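Below is one structure; the comments refer to it alone.
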Amino acid sequence: AMGDKPGPNITATYGDKWLDAKATFYGSDPRGAAPDDHGGACGYKDVDKAPFDGMTGCGNEPIFKDGLACGSCYEIKCKEPAECSGEPVLIKITDKNYEHIAAYHFDLSGKAFGAMAKKGEEDKLRKAGELMLQFRRVKCEYPSDTKIAFHVEKGSSPNYLALLVKYAAGDGNIVGVDIKPKGSDEFLPMKQSWGAIWRMDPPKPLKGPFTIRLTSESGGHVEQDDVIPEDWKPDTVYKSKIQF
């Protein structure tokens, strides 16, 4: 038996080794993106649309890592039941799985669960409800024109700034966000709020434009000057020109 204790954390050291996990699926649409609001514990919305395309899942704690693994990419495949194709498919972590039924447990969108099936047998595979899959963490690749995007969250103001960071390639996940307001010489660290959302309660009101520097899990950095403009607004997406 695999036991219900979480396994060791999965990190950005990409190995070729496949590990075993329990797989289930969730959401009211068995062929869909799950969860029902197309969001989840990472804070991303529209996970049913490109570039996530509903190929998403929840990881248990060693995969989700308190949200620091949001956006990381995995290949998953299954050998049995007979409907399994054995071919790997790619998913992204967009949500948290709170169950402790195995060392590693992916609660997948219905679409991702079905994608492990032989062609035409997706619905039949979903009838299994639960199976063993094999997984490994891989580098995230996005279409070449996909750049990192920043969503300034609702409720942000000069005295409180919250940013959702999405579409990072490479490791796929962000472990540090630093911000440099206009006229400042130094970067100020933001704190992880929850999921892929980073926040700051500045000592004095923040004035844009903002330069942002990101750190990925394996220590890579990208930064862009003035990526968020002077007249920024809450609940708005600002696309960057940067990518890992």
Side-chain angles (χ1 to χ4, degrees), residues 9-12 35 37-47 51-52 58-59 61-73 92-96 98 140 142 146-244:
N9 278 1
I10 305 291
T11 66
D37 68 351
H38 299 309
C42 289
Y44 309 129
K45 287 288 182 189
D46 300 328
V47 299
F52 292 124
C58 310
E61 197 40 58
I63 297 163
F64 186 73
K65 298 193 292 199
D66 284 328
L68 284 176
C70 285
S72 52
C73 293
K92 293 181 173 70
I93 298 300
T94 56
D95 206 350
K96 177 169 186 182
Y98 295 89
C140 288
Y142 281 102
T146 306
K147 306 296 184 204
I148 291 166
F150 300 99
H151 184 265
V152 178
E153 295 289 289
K154 278 192 183 98
S156 291
S157 74
N159 301 304
Y160 163 76
L161 181 64
L163 294 177
L164 171 71
V165 186
K166 54 186 179 177
Y167 313 145
D171 296 341
N173 63 321
I174 301 296
V175 298
V177 181
D178 298 288
I179 188 168
K180 188 161 71 175
K182 177 84 176 158
S184 165
D185 295 333
E186 55 176 345
F187 278 100
L188 307 167
M190 297 185 83
K191 288 192 181 77
Q192 187 202 15
S193 181
W194 58 276
I197 296 172
W198 296 74
R199 68 175 284 169
M200 181 174 217
D201 303 273
K204 55 179 204 260
L206 286 172
K207 198 166 151 37
F210 304 127
T211 295
I212 294 180
R213 181 176 65 198
L214 302 174
T215 306
S216 70
E217 187 177 348
S218 52
H221 293 291
V222 290
E223 75 178 69
Q224 186 181 333
D225 291 342
D226 303 345
V227 61
I228 293 175
E230 186 173 3
D231 60 350
W232 61 270
K233 294 177 180 54
D235 201 20
T236 305
V237 175
Y238 295 99
K239 290 186 175 146
S240 79
K241 300 185 177 82
I242 51 177
Q243 188 52 278
F244 283 98

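On a predicted model such as this, the values are computed, not experimentally measured, just so you know. In what follows, every heavy atom counts, from backbone to side chain, and hydrogens, waters and symmetry copies are set aside.
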Give every donor-acceptor pair under 3.5 Å between a side-chain atom in residues 232-239 and any protein atom, sequence neighbours left out.
unit_1	atom_1	unit_2	atom_2	d
K233	NZ	D231	O	3.2
D235	OD1	H151	NE2	3.1
T236	OG1	K233	O	3.1
T236	OG1	P234	O	3.1
Y238	OH	K233	N	2.9

| said: Please determine whether a side-chain nitrogen of the Lys or Arg among D37 and K45 lies less than 4.0 Å from a carboxylate oxygen of the Asp or Glu. | reply: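 A salt bridge links D37 with K45.
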| request: Identify whether the distance between the nearest side-chain nitrogen and carboxylate oxygen of D178 and K180 falls below 4.0 Å. | output: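 Answer for the salt bridge query: no.
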Which pairs of donor and acceptor atoms, one on a side chain in residues 163-172, lie under 3.5 Å apart (sequence neighbours left out)?
unit_1	atom_1	unit_2	atom_2	d
D171	OD1	Y14	OH	2.5
D171	OD1	S218	OG	3.1
D171	OD2	S216	OG	3.1
D171	OD2	E217	N	3.2
D171	OD2	S218	N	2.6
D171	OD2	S218	OG	2.6

What I'd like to find out is whether the side chain of [X] reaches to under 4.5 Å of the side chain of [Y], using heavy atoms alone.
X	Y	value
E223	F187	yes
F210	L161	yes
D95	P35	yes
I10	K65	no

| said: Using every non-hydrogen atom in the two residues, find where Q192 and G67 come nearest and quote the distance to one decimal. | reply: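 Smallest heavy-atom distance, with atoms named: NE2-C, 3.5 Å.
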[atom2] on [Y] to [atom1] on [X], rounded to 0.5 Å:
X	Y	atom1	atom2	value
I212	F150	CD1	CZ	4.5 Å
L68	C42	CG	SG	10.0 Å
N159	L206	CG	CG	8.0 Å
I148	Y142	CD1	OH	9.5 Å

| query | Judged by atom type as modelled, is there a donor-acceptor pair below 3.5 Å linking the side chain of Y44 to the main-chain atoms of G71? | reply |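 Yes: the side chain of Y44 pairs with the backbone of G71.
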| task | Only counting residues at least two apart or in another chain, list the ones meeting side-chain hydrogen bond (donor to acceptor under 3.5 Å, both in side chains) with S156. | result |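 For S156 there are no side-chain hydrogen bond (donor to acceptor under 3.5 Å, both in side chains) partners, ignoring immediate neighbours.
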